[in-house]
Enquirer: 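Take a look at the following structure, please.
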Number of protein chains: 2
Amino acid sequence: METVAENQKVRITKKLEKMFGHIDYKNPPELCPVRDVMSVASDQWSVLIILWLGYFEKLRFNKLKKYVYGISNKVLSQRLKVLEADGYISRKAFAEVPIRVEYSLTEFGHSYVEKLLELTEWMQLNCPKVLANRERYGLF
Amino acid sequence: METVAENQKVRITKKLEKMFGHIDYKNPPELCPVRDVMSVASDQWSVLIILWLGYFEKLRFNKLKKYVYGISNKVLSQRLKVLEADGYISRKAFAEVPIRVEYSLTEFGHSYVEKLLELTEWMQLNCPKVLANRERYGLF
DNA sequence: TCATAAGGTTACTTTTTGTAACTTACTCTA
DNA sequence: TAGAGTAAGTTACAAAAAGTAACCTTATGA
């Protein structure tokens with residue numbers, strides 16, 4: 001990662017454009033792709049939802065609620081909607097009584113899980129803080 | 001990513017342990033490493049702080065505030081403390097008047113930026129939603 | 001003596017998140 | 001036929017988090 005001295009004027013580079021989406025830092029923050037990417041499925045609940053759906057082929061609402069321990073109906077419902085809209089998961093409703101709804105990861109969702117695991121493994125090896133907790137996790 | 005049928009009992013595997021930290025899903029969620037990893041420096045403001053510190057070698061409080069457009073003193077101060085505690089950035093205060101404080105990325109912070117950029121590039125190629133926005137970003 | 005400066009902190013307001021009770025439509029049991 | 005149960009959510013309300021704007025400190029220059 002090449003850096004630039006503080007007093008130096010910002011140079012417009014391909015790399016910077018990719019990082020911020022647009023060189024003008026006064027632009028609305030929604031225009032930053034990195035920010036977008038990280039905001040989509042990086043919150044605590046979404047991560048757990050995605051992980052459990054990565055482990056099970058498919059899960060119904062209440063099963064998912066059981067595994068994503070401590071989540072409420074409202075929050076689970078909200079997160080599922082966002083994750084579906086963003087293409088991580090798919091929702092399949094069956095016209096039964098009572099209604100049955102199955103959630104599963106999309107192709108993209110599965111590859112995102114791989115990325116999450118990669119990042120986590122990398123963090124476990126490189127992040128000072130996580131490293132300090134490895135005993136707590138019982139890993140390695 | 002291998003998945004497991006819904007009705008199947010959870011098998012305790014090395015992979016699952018890594019994913020959740022502990023097989024018992026009723027454990028406090030702080031015990032999930034993936035969750036930990038994603039929660040540390042993935043919020044909107046932290047990402048921008050890290051990116052700008054990745055671009056500039058070092059930045060003082062008010063410069064940083066200027067680039068991380070729209071952030072307040074309180075939030076910037078808070079995030080900087082957390083990021084420092086977690087090993088992403090380092091803080092250097094000079095005994096001058098008025099006081100001068102320089103923030104910069106640690107070694108780990110720099111490699112995290114690389115990871116962020118990698119993930120973003122990957123997302124831009126694979127995420128349906130981000131792909132739809134690529135025209136807006138003016139990338140590619 | 002008043003303004004300015006850097007790097008924050010503090011009291012207060014707004015927004016977001018979470019909680020627990022309720023809903024709907026049907027079926028099973030007493 | 002009244003009542004309970006079931007799945008997948010909503011809704012009204014409370015708690016927590018985030019944001020805002022004024023203030024602090026120590027010193028220097030006008």
Side-chain angles (χ1 to χ4, degrees), chain A residues 6-7 25-26 28-30 32 35-36 38-49 52-53 56 58-86 89-104, chain B residues 6-7 26 28-30 32 35-36 38-50 52-53 56 58-86 89-104:
Chain A
E6 183 184 359
N7 55 359
Y25 61 83
K26 289 186 184 176
E30 312 89 63
C32 172
R35 214 188 202 212
D36 260 25
M38 297 306 288
S39 71
V40 179
S42 67
D43 81 284
Q44 312 281 77
W45 293 124
S46 297
V47 165
L48 289 184
I49 291 168
W52 281 112
L53 285 178
F56 292 104
K58 57 197 176 198
L59 281 173
R60 299 174 64 174
F61 190 90
N62 283 316
K63 268 276 198 214
L64 198 44
K65 192 185 159 194
K66 177 185 145 198
Y67 285 110
V68 182
Y69 194 73
I71 199 170
S72 67
N73 287 17
K74 178 193 160 194
V75 174
L76 178 54
S77 173
Q78 273 181 347
R79 294 296 189 282
L80 287 172
K81 271 179 197 154
V82 173
L83 289 175
E84 193 196 357
D86 290 342
I89 66 174
S90 64
R91 179 186 186 276
K92 211 164 155 184
F94 298 85
E96 299 173 3
V97 170
I99 190 172
R100 176 162 63 100
V101 178
E102 287 178 354
Y103 292 96
S104 57
Chain B
E6 183 184 359
N7 55 359
K26 289 187 185 176
E30 311 88 62
C32 171
R35 213 187 202 214
D36 259 24
M38 296 306 288
S39 71
V40 180
S42 66
D43 79 285
Q44 311 282 72
W45 291 123
S46 297
V47 164
L48 288 184
I49 291 169
I50 287 177
W52 281 112
L53 285 178
F56 292 105
K58 57 196 176 197
L59 282 173
R60 300 173 63 174
F61 190 90
N62 283 316
K63 269 279 198 210
L64 198 46
K65 193 186 159 193
K66 178 185 144 198
Y67 284 110
V68 183
Y69 194 73
I71 199 170
S72 69
N73 287 17
K74 178 193 159 192
V75 175
L76 179 54
S77 174
Q78 273 180 349
R79 293 297 189 284
L80 286 173
K81 270 179 196 153
V82 173
L83 289 174
E84 194 196 354
D86 289 343
I89 66 175
S90 63
R91 181 185 185 276
K92 210 163 157 186
F94 298 85
E96 299 173 5
V97 170
I99 190 172
R100 178 162 61 100
V101 179
E102 286 178 354
Y103 292 95
S104 57

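Below, read A as the first sequence line, B as the second, and so on, with proteins coming before strands; counting in each chain starts at 1.
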Enquirer: Could you list the donor-acceptor pairs under 3.5 angstrom formed by side chains in residues 74-83 of chain B, with sequence neighbours left out?
Expert:
from: Arg79(B); atom 1: NE; to: Asp43(B); atom 2: OD2; distance (Å): 2.8
from: Arg79(B); atom 1: NH2; to: Asp43(B); atom 2: OD2; distance (Å): 3.4

Enquirer: List, with names and distances, any nitrogen or oxygen atoms from the protein found under 3.5 Å away from nitrogen or oxygen atoms belonging to nucleotides 20-26 of chain C.
Expert:
none

Enquirer: Distance check: side-chain N/O of Arg100(B) vs OP1/OP2 of dG7(C), anything under 4.0 Å?
Expert: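 For dG7(C), neither OP1 nor OP2 has a side-chain N or O of Arg100(B) closer than 4.0 Å.
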Enquirer: Apply side chain to side chain donor-acceptor pair (under 3.5 Å) to Asn73(A) and list each qualifying residue two or more places apart in sequence or on a separate chain.
Expert: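 Testing Asn73(A) for side chain to side chain donor-acceptor pair (under 3.5 Å), a comparison that skips the adjacent residues, returns Lys65(A).
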Enquirer: For chain B and DNA chain D, what are the first and last nucleotides along the strand, 5' to 3', with at least one atom under 4.0 angstrom from a heavy atom of the protein chain?
Expert: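 Reading along DNA chain D, I get dA18(D) to dA27(D).
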Enquirer: If the helix axis at each end comes from five base pairs, how far does the helix from dT1(C)-dA30(D) to dA30(C)-dT1(D) deviate from straight, to 10°?
Expert: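 Here the local axes at opposite ends form an angle of 30°.
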Enquirer: For Ile71(A) and dT19(C), give me the distance from atom CD1 to atom C1', rounded to whole Å.
Expert: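 Computing the Ile71(A):CD1 to dT19(C):C1' distance gives 13 Å.
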Enquirer: Quick one: Asp43(A) CG to dT17(C) P, roughly how many Å, whole number?
Expert: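 Whole-Å distance recorded here is 8 Å.
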Enquirer: Whole-Å distance between dG7(C) C1' and Ile89(B) CD1?
Expert: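 Roughly 14 Å, once rounded to whole Å.
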Enquirer: Classify the nucleic acid contact of Lys81(A) as base, sugar-phosphate or nothing, counting any heavy atom under 4.0 Å across all strands shown.
Expert: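 Since only primed, P, OP1 and OP2 atoms lie under 4.0 Å of Lys81(A), the category is sugar-phosphate.
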Enquirer: Under the side chain to side chain donor-acceptor pair (under 3.5 Å) test, which residues partner Arg100(B), sequence neighbours left out?
Expert: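 Partners of Arg100(B) by the side chain to side chain donor-acceptor pair (under 3.5 Å) criterion, ordered by chain and then number, come out as Glu96(B), Glu102(B).
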Enquirer: Taking only N and O in the side chain of Trp45(A), is any of them less than 4.0 Å away from OP1 or OP2 of dT17(C)?
Expert: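 Indeed not, no polar side-chain atom of Trp45(A) lies that close.
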Enquirer: Run through Arg91(B), Glu84(B), Lys92(B) and flag the one making a side chain to side chain donor-acceptor pair (under 3.5 Å) with Tyr103(B).
Expert: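 Exactly one option meets the side chain to side chain donor-acceptor pair (under 3.5 Å) with Tyr103(B), and it is Arg91(B).
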Enquirer: Under 4.0 Å between a side-chain N/O of Tyr103(B) and OP1 or OP2 of dG8(C), yes or no?
Expert: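 The answer is yes; a side-chain N or O of Tyr103(B) sits under 4.0 Å from OP1 or OP2.
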Enquirer: Specify the separation, in whole Å, of atom CZ of Arg79(A) and atom C1' of dT17(C).
Expert: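 To the nearest whole Å, that distance equals 8 Å.
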Enquirer: Mind calculating the distance between OH (Tyr69(A)) and P (dG18(C)) to the nearest angstrom?
Expert: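 Distance, rounded to whole Å: 16 Å.
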Enquirer: Write down the atom of Trp52(A), the atom of Leu59(A), and the distance for their closest heavy-atom approach.
Expert: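 Closest pair (atom of Trp52(A), atom of Leu59(A), distance): O-CD1, 4.2 Å.
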Enquirer: Start at the 5' end of DNA chain C and walk down; is the nucleotide closest to Gln78(A) or to Arg91(B) reached first?
Expert: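 On the 5' side of the pair lies Arg91(B).
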Enquirer: What pair of heavy atoms forms the shortest contact from Val101(B) to Ala93(B), and how long is it?
Expert: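 Scanning both residues, the minimum pair turns out to be CG2-CB, 4.1 Å.
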Enquirer: Glu96(B) CD to dT4(C) C1': how many Å, rounded?
Expert: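 Rounded to the whole Å, the gap is 17 Å.
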